[in-house]
Structure formats: C-alpha cells, structure tokens
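Values below: all heavy atoms of this structure, side chains included; hydrogens, waters and symmetry mates excluded.
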Amino acid sequence: MSEYQNQSRVRIIPAKARTGRMEENPDGQKKRIAVYARVSTASEMQSSSYDLQVAHYTEYVKKNPAWTLVDVYADEGISGTSTKNRTEFNRMIQDCEDNRIDYILTKSISRFARNTIDCISILRRLKGLKPAVGVYFEKENIDTLDSKSELFLTILSSMAQEESRSVSENTKWGVQKRFQQGIVHMPTTFFLGYDTMEDGEIVIDEEQAKVVRRIFREFLEGKGCPTIAKELTRDGMKTGKGNTTWTSDAVYKIIKQEKYQGHCLAQKTVTTCYLSHRRVRNTDIQPQYYVKNTHPAIISEETFEAAQQELKRRSLMLRDPDRKYRQNYSNTGTFSNHFFCGECGRPVIRRRMTSSRKGEKYYFTAWQCRVTAGADPDFKDCKTSYVQEIDMEKAFMTIVREMKENLDETVEDAKTAIAQASLSPPEQARLEELNGQIEAVNDRISNLAAKESATSDAIYDATLRHLIYEQEILQQERDSLEENRQEQVYLEKHLQSLLDILEAEELEDFDGKLFKSIIERGIICKERIVEFHFKCGVKRTICAKVRKTPKKEKA
C-alpha cells in the first residue's frame with residue numbers, strides 16, 4: 001500500500017432526496033399546496049398556537065414562486081387520535097382525491113395524526129393517487145414521497161401514539177385523584193333544576209325545581225313514567241334543554257338522578273379506548289366515587305330513597321321470583337299491578353266482561369288471573385275464579401272499617417311484623433360498627449389522595465387498591481344489614497300513615513288513593529277469597545262474594 005493510500009480519507013457525499021417538492025410541476029404549472037393545522041383543545045393558549053401555525057404556513061407558501069396556496073385546512077379543539085370528527089382534515093383528503101392538491105404542509109406528525117394505523121394508511125392512500133400527493137412534516141423534515149420516509153414515519157407516528165396514550169392515562173389518573181378528594185365537575189347547562197353562578201357556585205333554579213319535585217311526587221303517588229311525561233307535555237313544562245316534549249325515558253332518568261338529593265356519583269361512564277374515545281357505562285370497569293353534599297338538594301334523601309324503592313317494586317313486577325312471567329306497570333286501573341293469583345302466582349288482569357240474565361245482556365268489570373283469562377301463552381293450568389271490581393272495592397272497604405274498629409289489634413299485628421323485620425341488637429351494633437369502619441376507610445382514601453404528588457406512583461396505586469377492596473367488603477356486609485333496617489323503617493312509616501288515616505277519615509265509599517297508599521299487594525284465591533297485604537306488614541283475608549243480580553253498566 002502506497003504512502004498516499006495510507007493518508008487518504010474518504011468522505012461520503014449522500015445523494016439528496018429529490019422529490020420535486022420545491023419545484024414547479026413537470027408541465028410548468030405551480031404546485032398546489034395545502035396547509036393543515038390542528039390544536040387539540042380550545043383553550044386560549046392553544047388558540048394562539050393555532051393562529052401561529054396558520055400564519056406561518058400561509059407566509060411560507062407565498063415565499064416560494066413555484067407554489068400556489070389552495071387552502072388552509074384547520075381543525076380547532078379536536079383530538080388527533082381519530083379522524084372521524086376532524087371535518088377540515090376529511091375535507092382536505094377529499095380535495096386530494098379530487099386532484100386539487102399536490103402537496104400538504106403540516107407542522108409535525110402528531111398534528112397530522114396520533115393514531116399510527118390512521119397515519120400510515122392515509123399517507124399510503126395519498127401516495128397511491130394519480131398523481132401522488134405528498135405530505136411534508138416540517139418538524140421531522142420528512143417528505144412522504146421520499147422512498148426512505150416510511151420507516152421513519154412508522155417509528156415517529158408510533159411515538160406520537162404512545163405520547164397520546166401516556167397523556168390519556170395521566171389525565172385519567174388526575175381526574176380520579178380529584179374524585180378521591182371529593183372534587184367533582186357538575187355541568188348545569190342542560191341539567192333541569194340547577195344553574196351555575198359566575199363564581200362557579202351551583203344554585204337551585206326554583207322554577208325548574210318545581211318540575212323535578214312534581215315528577216317525584218306524582219311517581220310516588222302511583223303514576224308511571226309514560227303518564228307523567230304525557231301530562232308534563234300537555235302542561236307545557238320545559239325539559240333541561242328547553243323543549244316542551246317529554247319522553248318516558250327523560251322522566252325515568254330524573255327519578256334515577258342522585259344529584260337531586262345533593263350528592264354526586266362520579267365516573268358513571270368511562271372511556272375504554274384513547275384512540276376511539278368510545279365511552280361506555282362504567283359497569284365494574286373503573287371505581288366509582290360517591291361524594292355527598294356537593295351542592296344544594298332539591299328533594300330529600302327520604303323522598304329519593306322512596307322513589308328508588310318504588311322503581312325496584314315496579315321492576316320486580318316484570319317477573320316473579322322464579323322468572324316465570326312478565327308484566328308491565330300500567331296503573332290503568334286502581335288495582336293494576338297490585339293483585340296476583342293465589343294458585344299459579346301470575347298477575348291478575350282487568351277484564352271487561354259480558355253476561356246475560358233472563359235474556360238481557362249486561363256488562364261488568366272484573367279482575368282475573370291472566371292464565372285463566374287465556375292471556376298467558378306459556379301457562380294453561382289455572383282455573384281461579386274472577387272477582388268483580390265492585391266486589392273487590394266493597395271487600396277492601398269492609399276490611400279497612402274492621403281495622404278501624406279494632407285499632408289495637410291492627411297495631412299489635414303491625415308491631416309483630418315490624419319485630420320480625422327488625423335487626424337484632426347484635427346486628428344493630430354491627431351495622432353501627434360497619435358505618436364507622438367505612439367512614440374511617442373513606443377518610444384514609446381522602447387523606448391519601450390529598451398527600452399524593454401530581455404523578456402516578458406504584459406504591460400509591462397499590463395502597464389505594466387495597467383500601468378500595470377493604471371498603472367494598474365492608475360495604476357489602478353493611479348494605480345487607482341496611483336493607484333489613486330499611487324494611488323496618490318502611491313498615492314503621494306506613495304503620496303511622498295507616499293510623500293517621502284510620503283515626504282521621506270517615507270510611508264510606510271506596511277511595512282509590514286510599515287503596516294505593518296503604519296496600520302493598522293482594523292475592524286472589526279460589527272461591528273468590530281475597531288477601532290484602534298492607535304496607536305496614538298487616539295481612540287481612542275476606543271473601544268477595546258475587547251479587548245475585550249484578551249492577552248494570554253502560555256498554
């Protein structure tokens with residue numbers, strides 16, 4: 001090897017990637033340039049960034065004499081993890097397919113798309129057009145029409161996607177931490193009954209609150225959601241969005257809304273995928289946070305709990321305990337959804353029946369097992385007799401008058417039922433102990449959330465999971481005892497209501513409101529024996545006889 005060869009140094013001069021981006025088209029026409037800008041939130045700071053992007057690239061295009069600006073496509077306040085709701089982005093792609101654009105200029109891959117699959121598939125789609133459309137990412141200095149660009153694009157777009165995932169997880173963690181501290185977000189824009197002041201304080205809108213109270217009151221009086229919705233529409237009452245047309249579902253959601261008692265259940269729904277942003281009902285996916293006394297209450301806790309119990313009662317009407325039959329809550333007649341067959345357990349339905357006596361046709365209303373009436377296709381073997389409605393009314397009033405005359409016996413029977421439902425002294429002591437333990441765990445969770453730093457920590461997460469698990473075990477035992485205690489409270493409350501009625505009212509003609517206020521359910525047995533179950537736990541049985549000469553009713 002010569003002396004010159006030993007001293008030689010090689011410097012490689014790479015070939016410049018020439019995509020023709022900066023030059024005119026081969027036919028001498030200027031390159032048609034589109035600019036795409038995006039910011040993910042509508043905050044003032046992001047808005048400034050958005051304006052700067054648009055101004056920068058508009059001026060950048062004007063400086064090149066070989067370019068002409070087609071349009072500036074800009075999405076403001078839109079996430080980059082999906083292209084579904086990015087109107088301007090989709091318009092730009094369509095213009096590319098319509099051969100109106102030669103090149104797209106954008107700030108970075110993360111501004112274009114944070115979803116790796118979307119990013120690569122869209123770039124390939126543009127590259128496959130005739131003629132091909134290129135995209136230039138200024139930050140990464142990548143031109144998609146360069147043959148070597150795809151590997152870098154895949155790596156960098158994956159990094160952008162991972163950044164989105166990380167931001168999503170940190171944001172979710174921060175939101176949950178605020179929930180643990182009792183800090184909840186309650187928008188009132190379309191929330192019936194509430195308004196938000198300029199300082200953020202939530203206050204009651206008394207005019208709208210009247211509608212909320214009316215819904216709860218009428219529901220507890222026995223009306224169904226469809227009936228309440230129909231009457232609200234008839235009276236021109238406005239919904240949270242200002243409409244005057246009510247639906248059954250809207251009424252149902254108001255009855256289920258815990259916020260009307262001044263509390264807030266946070267994280268009812270969760271986002272299952274940070275790319276699709278799909279939200280689903282939180283059914284054991286993430287923990288929920290029940291925060292008490294977050295804002296003024298429109299209804300009392302007792303009213304809300306009574307409404308939930310009534311919802312549960314009506315729901316149970318859909319099927320018997322063995323899941324054998326279905327029925328709907330109708331409230332069409334006074335006895336609707338209250339009576340069941342003593343032989344097969346199926347619901348008793350209202351029927352308009354005809355008969356004749358001495359050649360004269362007459363009509364009457366009766367209550368009959370739906371199996372006997374032939375209205376149950378899944379069951380046939382029941383022959384329970386019907387009971388005329390007027391006989392049912394007379395039987396009920398007879399029972400109530402007897403109870404009024406024998407008030408001491410009524411009270412004694414009710415107290416026996418209450419004693420059977422009541423918690424024993426050890427159970428009551430355990431319930432109080434559980435309430436204290438749950439409160440202590442809640443305080444530990446709140447204290448932990450208040451002390452933790454602004455970033456996720458493995459020890460913090462493990463400690464929190466342990467506390468939540470401990471809380472769940474205690475809550476299950478507490479709920480079981482509390483359900484029994486609520487039964488005791490329910491019976492005591494309705495005993496007092498019954499005593500007030502029996503001591504104050506003159507019991508003459510049948511009163512439908514009286515029946516619904518004191519009767520839980522009834523059983524119709526063979527030989528027209530009717531058993532009334534009162535809400536205070538008292539049971540009374542009577543024979544509802546059929547009159548020899550039925551009272552005629554108009555057809």
Side-chain angles (χ1 to χ4, degrees), residues 40-43 47 75-79 82 84-87 175 178-179 183-221 223-272 276-283 288-301 303-304 306-308 310-311 314-315 329 331:
S40 54
T41 66
S43 68
S47 178
D75 287 309
E76 190 172 5
I78 302 293
S79 169
S82 173
K84 181 179 178 181
N85 297 317
R86 292 160 65 185
T87 307
V175 170
R178 289 196 294 274
F179 290 158
I183 304 171
V184 296
H185 177 55
M186 180 178 157
T188 60
T189 306
F190 301 118
F191 194 42
L192 186 70
Y194 289 103
D195 198 2
T196 303
M197 306 298 287
E198 290 184 1
D199 61 358
E201 181 186 2
I202 296 174
V203 296
I204 295 176
D205 184 323
E206 286 298 337
E207 200 62 35
Q208 293 182 359
K210 291 178 183 178
V211 180
V212 175
R213 296 188 186 106
R214 170 180 169 176
I215 289 172
F216 276 89
R217 182 182 67 253
E218 293 184 351
F219 180 76
L220 290 173
E221 288 173 354
K223 292 182 180 180
C225 293
T227 302
I228 296 174
K230 184 177 180 181
E231 293 178 356
L232 289 172
T233 302
R234 178 199 64 196
D235 296 342
M237 297 293 102
K238 291 185 178 181
T239 67
K241 292 185 177 181
N243 302 323
T244 54
T245 301
W246 287 78
T247 64
S248 173
D249 185 59
V251 173
Y252 175 80
K253 287 179 178 178
I254 286 176
I255 296 170
K256 290 288 290 182
Q257 181 55 262
E258 81 290 336
K259 292 184 178 68
Y260 288 120
Q261 58 176 335
H263 310 325
C264 182
L265 178 63
Q267 202 155 265
K268 292 179 181 177
T269 60
V270 293
T271 301
T272 55
S276 65
H277 303 285
R278 180 171 175 262
R279 292 192 70 83
V280 298
R281 186 171 295 280
N282 185 8
T283 308
Q288 293 182 317
Y289 305 87
Y290 195 80
V291 186
K292 287 192 170 185
N293 304 319
T294 56
H295 55 279
I298 291 178
I299 60 167
S300 67
E301 290 188 7
T303 300
F304 181 80
Q308 306 318 300
E310 180 63 13
L311 279 173
R314 296 184 190 183
S315 177
Y329 182 83
N331 198 40

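- Here Thr303 pairs with Ser300 under the side-chain hydrogen bond (donor to acceptor under 3.5 Å, both in side chains) rule; sequence neighbours left out.
- In Glu207, the CD atom is not crowded: 12 or fewer heavy atoms of neighbouring residues, nucleotides or ligands sit closer than 6.0 Å.
- Residues satisfying the side-chain contact (heavy atoms from CB on, under 4.5 Å) test with Glu231, not counting sequence neighbours, are Arg214, Glu218, Lys223, Thr227, Arg234.
- Note that CD1 of Ile215 and CD1 of Ile254 are 3.5 Å apart. Values are rounded to the nearest 0.5 Å.
- In this view, Glu201 and Met197, Asp199, Val203 satisfy the side-chain contact (heavy atoms from CB on, under 4.5 Å) rule, not counting sequence neighbours.
- Listed by chain and number, the residues in a side-chain contact (heavy atoms from CB on, under 4.5 Å) with Gln208 are Leu192, Asp205 (sequence neighbours excluded).
- The two residues Tyr194 and Lys259 come nearest to each other via the heavy atoms OH-O, 3.3 Å.
- Lys256 and Phe304 get closest at one heavy-atom pair: O-CZ, 3.9 Å.
- Between Asp195 atom CG and Glu206 atom CD the span is 12.0 Å, to the nearest 0.5 Å.
- Checked against side-chain contact (heavy atoms from CB on, under 4.5 Å), Thr244 has the following partners two or more places apart in sequence or in another chain: Lys238.
- Listed by chain and number, the residues in a salt bridge (charged side-chain N to carboxylate O under 4.0 Å, His left out) with Lys253 are Asp249 (sequence neighbours excluded).
- Residues Leu311 and Phe219 meet the side-chain proximity criterion, which asks for heavy atoms closer than 4.5 Å.
- Distance CZ/Arg213 to CD1/Ile298: 6.0 Å, rounded to 0.5 Å.
- Thr233 contributes atom OG1, which lies 10.0 Å from atom CG of Asn243 (distance to the nearest 0.5 angstrom).
- The side-chain hydrogen bond (donor to acceptor under 3.5 Å, both in side chains) test applied to Glu301 returns His263, not counting sequence neighbours.
- In this structure Glu198 satisfies the salt bridge (charged side-chain N to carboxylate O under 4.0 Å, His left out) test with no other residue, sequence neighbours excluded.
- Taking all atoms of both residues into account, the shortest heavy-atom contact from Ala229 to Ser248 is CB-N, 3.8 Å.
- Pairs of residues two or more places apart, or lying in two chains, that qualify as ring pair (Phe, Tyr, Trp, His ring centres under 6.0 Å) and include a residue from residues 229-262 are Phe191-Tyr260.
- With sequence neighbours excluded, no residue forms a side-chain hydrogen bond (donor to acceptor under 3.5 Å, both in side chains) with Thr247.
- Between the CD atom of Glu310 and the CZ atom of Phe216 there is a distance of 12.5 Å, given to the nearest 0.5 Å.
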